[in-house]
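Only one structure is covered here, and it is reproduced in the block below.
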Amino acid sequence: MTTFTLRFTATPRGARLARRLASHQLDVWGWPYGTPAHDAVELVVAELAANAVTHGRVPGRDAELRLSEDDGQVRVEVSDMRGERLPVTQDAAADGNGGRGLVLVAALAKEWGVTSRAGAPGKTVWAVVPTGCGTRAGP
């Protein structure tokens with residue numbers, strides 16, 4: 001199993017950085033930019049990081065991204081400090097501005113969920129994204 005971990009500021013800028021560095025890491029692991037596996041994982045990272053900085057932000061505290069790849073799937077974990085604010089999927093209004101993030105995560109992931117952080121306050125939202133073993137270009 002190979003892992004990548006990044007602490008990022010709980011701001012929109014930090015969430016963008018997490019998405020971009022996750023995208024780069026996927027390319028390094030052999031899922032090139034623009035492939036379905038790469039794009040699916042990148043979108044899941046973007047949604048979970050955006051949720052962490054929007055709904056899980058505590059001023060002065062960072063969020064954390066962890067990617068692990070093993071056996072044709074990537075596990076995405078995003079941790080924040082607000083354990084009392086659990087994510088909920090909801091039906092978004094057709095003309096609404098938000099509310100679709102977890103619906104997208106559920107559509108792209110084999111499974112997803114929420115756990116308490118071990119030894120720290122907050123929660124970790126995770127998703128397991130299948131990558132299709134045949135699409136990997138590298139190691």
Going from [atom1] on [X] to [atom2] on [Y], what distance comes out if it is rounded to the nearest 0.5 angstrom?
X: Leu67; Y: Thr5; atom1: CG; atom2: OG1; answer: 8.0 Å
X: Leu26; Y: Trp31; atom1: CG; atom2: CH2; answer: 7.0 Å
X: Leu102; Y: Arg100; atom1: CG; atom2: CZ; answer: 13.0 Å
X: Ser23; Y: Leu43; atom1: OG; atom2: CG; answer: 11.5 Å

| said: Under 4.5 Å side-chain heavy-atom separation, chaining through any Ile, Leu, Val, Met, Phe, Trp or Tyr, what else clusters with Trp126? Say none if it is isolated. | reply: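 Result for Trp126 is Val128.
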In residues 74-82, what donor-acceptor pairs under 3.5 Å come from side-chain atoms, sequence neighbours left out?
residue, atom, partner, partner atom, Å
Arg75, NE, Glu77, OE2, 2.7
Ser79, OG, Thr124, OG1, 2.6
Asp80, OD1, Arg82, N, 2.9
Asp80, OD1, Lys123, NZ, 2.8
Asp80, OD2, Lys123, NZ, 3.0
Arg82, NE, Glu84, OE2, 2.5
Arg82, NH2, Glu84, OE2, 2.9

| request: Any pair with a residue in residues 9-19 that passes side chain to side chain donor-acceptor pair (under 3.5 Å), sequence neighbours left out, goes on the list, sorted by first then second residue, please. | output: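 As it turns out, the side chain to side chain donor-acceptor pair (under 3.5 Å) pairs with a partner in residues 9-19, which skip direct neighbours, are Thr9-Thr11, Arg19-Glu42.
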| query | If you look only at pairs with a residue in residues 104-122, which of them pass as a side chain to side chain donor-acceptor pair (under 3.5 Å), with sequence neighbours excluded? | reply |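 Found Gln73-Lys110.
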Report the residues that fulfil salt bridge (charged side-chain N to carboxylate O under 4.0 Å, His left out) with [X], sequence neighbours left out, ordered by chain and then residue number.
X: Arg85; result: none
X: Asp62; result: Arg7
X: Glu64; result: none
X: Arg57; result: none

Would you name the heavy atoms of [X] and [Y] that are closest together and state the gap between them?
X: Phe8; Y: Val53; result: CE1-CG1, 3.9 Å
X: Val129; Y: Ala40; result: CG1-CB, 4.1 Å
X: Ala18; Y: Val45; result: O-CG1, 4.0 Å

Would a 4.5 Å heavy-atom cut-off, applied to side chains only, mark [X] and [Y] as touching?
X: Leu65; Y: Phe4; value: yes
X: Asn51; Y: Val125; value: no
X: Thr2; Y: Asp70; value: no

| task | Could you tell me whether the side chain of Ser68 and the main chain of Thr3 form a donor-acceptor pair under 3.5 Å? | result |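 A pair under 3.5 Å: no.
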| message | Are Tyr33 and Leu108 linked, directly or through intermediate hydrophobic residues, by side-chain heavy-atom contacts shorter than 4.5 Å (ILVMFWY only)? | response |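 Different clusters: Leu108 never reaches Tyr33 through Ile, Leu, Val, Met, Phe, Trp or Tyr contacts under 4.5 Å.
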| request: Please list all pairs passing the ring pair (Phe, Tyr, Trp, His ring centres under 6.0 Å) test where one or both residues lie in residues 40-83, with sequence neighbours left out. | output: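 For residues 40-83: none.
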| query | After noting the C-alpha distance and the side-chain angles of Leu104 and Val44, does the key distance pass the side-chain contact (heavy atoms from CB on, under 4.5 Å) rule? | reply | CA-CA 8 Å; Leu104 290 171; Val44 168; over 6 Å; no
